[in-house]
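What follows is one structure encoded as structure tokens, with my remarks underneath.
Indexing begins at 1, ligand by ligand and atom by atom, following the structure's order. Keep in mind that this is a model prediction, so the values were computed, not measured. Values below: all heavy atoms of this structure, side chains included; hydrogens, waters and symmetry mates excluded.
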Amino acid sequence: MSALQPVRGTHDILPEEHRRFRHVIDTAREVAERYGYHEMATPIFEFADVFKRTLGDTSDIVTKEMYTFTDRGGDTVTLRPEGTAGVARALISGGLHQHLPLKFFYEGPMFRYERPQKGRLRQFHQIGIELLGVAGPQGDIEAIAQGAAVLRELGVIDRTVLELNTLGDGESRLAYRNALVAYFARHQDRLSADSRLRLERNPLRILDSKDQGDRDLFAEAPDYSDFLNPASRDFFARVAEGLDSLGIAYKQNPRLVRGLDYYCHTAFEFTTEALGAQGTVMGGGRYDGLVEVMGGPATPGVGWAAGIERLAMLVEKAPPVRRPIAVVPIGAEMEIEALKIAERLRSERFAVELGYAGNLAKRLKRADKLAAALAVLVGGNELSRGAVVLRDLDTGRQDEVSLQDLGERLASFR
Ligand code: ATP
Ligand code: MG
């Protein structure tokens with residue numbers, strides 16, 4: 001451990017990677033707008049209870065992954081491990097219920113104490129949406145369609161598969177839970193220690209286990225679909241029908257569950273084989289009980305979150321940097337004049353870089369390194385005529401342009 005290293009599981013996002021990052025966020029934000037979602041932000045830390053209550057005392061996040069500490073005032077706070085709990089808290093504390101339905105988009109850092117590996121960090125970043133106040137399958141269909149649109153727009157959807165399942169309503173869930181408990185109790189000796197604990201406290205989460213011994217038991221485990229009541233079946237059929245009619249392909253995965261009681265009906269993930277072990281890029285579903293669990297009025301909700309790092313890895317080409325215009329003084333005595341011209345062009349919304357020091361050749365070399373498209377050469381002779389020399393750095397062609405016409409000449413580089 002060295003104080004000069006980033007903390008394990010965190011990393012610096014340098015400009016090349018940051019461009020990919022921004023591309024993911026900008027794309028998601030733009031698509032969210034098209035679907036009527038509005039961006040919001042919640043604090044990066046909340047009272048620990050916000051997450052303990054919503055994620056449940058037995059979830060991996062709460063038991064193993066949260067960054068929780070006591071602040072100087074004695075409050076127990078947690079760096080947020082995910083976005084939904086904060087949004088639900090904001091809905092309640094902001095009294096936003098009167099405005100339902102509400103549609104939110106968010107992006108930002110999340111924190112989980114996990115074992116770092118490729119695609120798994122301790123500080124990672126998510127984009128996500130929450131659709132609150134829509135109880136019917138239309139909400140689920142739209143949330144999934146919006147997620148698919150983000151992946152399509154990023155050019156990665158062909159490398160993902162949409163996995164879909166339903167958890168049904170509360171009654172169906174209880175029936176399934178009982179069947180699961182009965183099944184796994186019969187095979188208790190073959191369960192991992194973690195899953196034996198889950199069997200008592202939260203049996204559905206056993207299906208989330210990554211332990212191979214546990215997974216070997218899944219093949220014979222009861223199927224959720226056999227425990228859905230007619231209303232739940234109907235809900236799922238309508239979601240599936242909606243996706244079909246929008247041409248959104250999916251694969252039913254009866255083992256896709258969410259461990260917490262407030263999840264119901266639709267659960268989905270977009271997964272990929274292109275990232276090795278960390279294959280889930282986007283996960284979401286319906287969480288009708290969540291706001292109530294937090295102490296607010298019963299409010300249906302559906303949403304998803306996606307890892308920006310994982311998406312950025314899937315995006316093949318980082319978007320190109322904007323090519324700047326280089327303003328280059330000819331001789332040190334022209335530096336102030338060059339600065340003034342640069343400042344003027346920047347105020348006219350051009351991206352402008354300066355050749356800072358050295359002879360003309362050195363300054364032009366810097367312009368080249370910055371991939372500048374053009375150089376504005378500022379020399380005493382031309383300037384006395386109210387002009388500069390404009391050089392096309394790709395072709396080497398140059399001509400004199402009056403300062404008055406400069407903005408217009410550069411217009412296509414804005
Ligand atoms: P996993 O099964 O990979 O642990 P999860 O079920 O914990 O994922 P969610 O809580 O549903 O993941 O979060 C949604 C998305 O956020 C994931 O699909 C993934 O893309 C991303 N994500 C989650 N945890 C991490 C992490 N530690 N590092 C990077 N990305 C992450
Ligand atoms: Mg996880």
>> With the threshold set at under 4.0 angstrom, would you say Q123 reaches ligand 1 through any of its heavy atoms?
In response: no
> Taking N or O atoms only and a 3.5 Å limit, does A305 qualify as a polar contact for ligand 1?
Replying inline: no
> Taking 4.0 angstrom as the limit, do E153 and R34 come out as a salt bridge?
Replying inline: yes
> Can you tell me the protein heavy atom closest to atom 22 (N) of ligand 1 and the distance?
Replying inline: F124 CE1, 3.5 Å
> Just which atoms of ligand 1 are under 4.0 Å from any heavy atom in E114?
Replying inline: 24 (N), 25 (C), 26 (C), 27 (N)
> Any protein heavy atom sitting closer than 4.0 Å to atom 4 (O) of ligand 1?
Replying inline: yes
>> Does the residue E309 have a heavy-atom contact with ligand 1, meaning some pair of atoms that are separated by less than 4.0 Å?
In response: no
> Can you tell if the side chain of F235 reaches within under 4.5 Å of the side chain of D169, non-hydrogen atoms only?
Replying inline: no
> With only distance considered, is E269 within less than 3.5 Å of ligand 1 through an N or O on each side?
Replying inline: no
> Using a distance-only test with no angle check, is there a side-chain donor-acceptor pair under 3.5 angstrom linking D211 and S192?
Replying inline: no
>> Angle between ring planes, F45 versus F69, binned at 30° and 60°: parallel, tilted or perpendicular?
In response: tilted
> Do E33 and E39 have side chains that get closer than 4.5 Å, going by heavy atoms?
Replying inline: no
> Using a distance-only test with no angle check, is there a side-chain donor-acceptor pair under 3.5 angstrom linking R344 and S347?
Replying inline: no
>> With a 4.0 Å cut-off on N to O distance, would you call R255 and D223 a salt bridge?
In response: yes
> What is the nearest protein non-hydrogen atom to atom 13 (O) of ligand 1, stated with its residue, atom name and distance?
Replying inline: Q126 NE2, 3.1 Å
> Considering only protein heavy atoms, which is closest to atom 11 (O) of ligand 1, and at what distance to one decimal place?
Replying inline: R258 NH1, 4.0 Å
> Between the candidates G128, G284, G119, which shows the shortest non-hydrogen contact distance to atom 29 (C) of ligand 1?
Replying inline: G119
>> Counting non-hydrogen protein atoms only, what is the nearest one to atom 28 (N) of ligand 1? Give residue, atom name and distance.
In response: L121 N, 2.9 Å
> When you check the gap from the basic side-chain N to the acidic O, do R22 and D26 get nearer than 4.0 Å?
Replying inline: yes
>> Any nitrogen or oxygen of G307, side chain or backbone, less than 3.5 Å from one on ligand 1?
In response: yes
> Does a side chain donor of either T10 or Q123 reach within less than 3.5 Å of an acceptor in the other side chain?
Replying inline: no
> What's the shortest distance from atom 18 (O) of ligand 1 to any protein heavy atom, and which residue and atom give it?
Replying inline: T280 O, 3.1 Å
> Between R238 and E241, is there a salt bridge with N-O shorter than 4.0 Å?
Replying inline: no
>> Within the structure, is a non-hydrogen atom of R112 found at a distance of less than 4.0 Å from ligand 1?
In response: yes
> In the protein, what heavy atom is nearest to atom 1 (P) of ligand 1, and what distance, to one decimal place, separates them?
Replying inline: R120 NH2, 3.5 Å
> Short list, please: which atoms of ligand 1 are under 4.0 Å from a heavy atom of K210?
Replying inline: 2 (O)
>> Less than 4.0 Å from atom 8 (O) of ligand 1, is there any heavy atom belonging to the protein?
In response: no
> Under 4.0 Å from any heavy atom of V281, which atoms of ligand 1 are there?
Replying inline: 18 (O), 20 (O)
> When the aromatic ring centroids of Y37 and F105 are compared, is their separation below 6.0 Å?
Replying inline: no
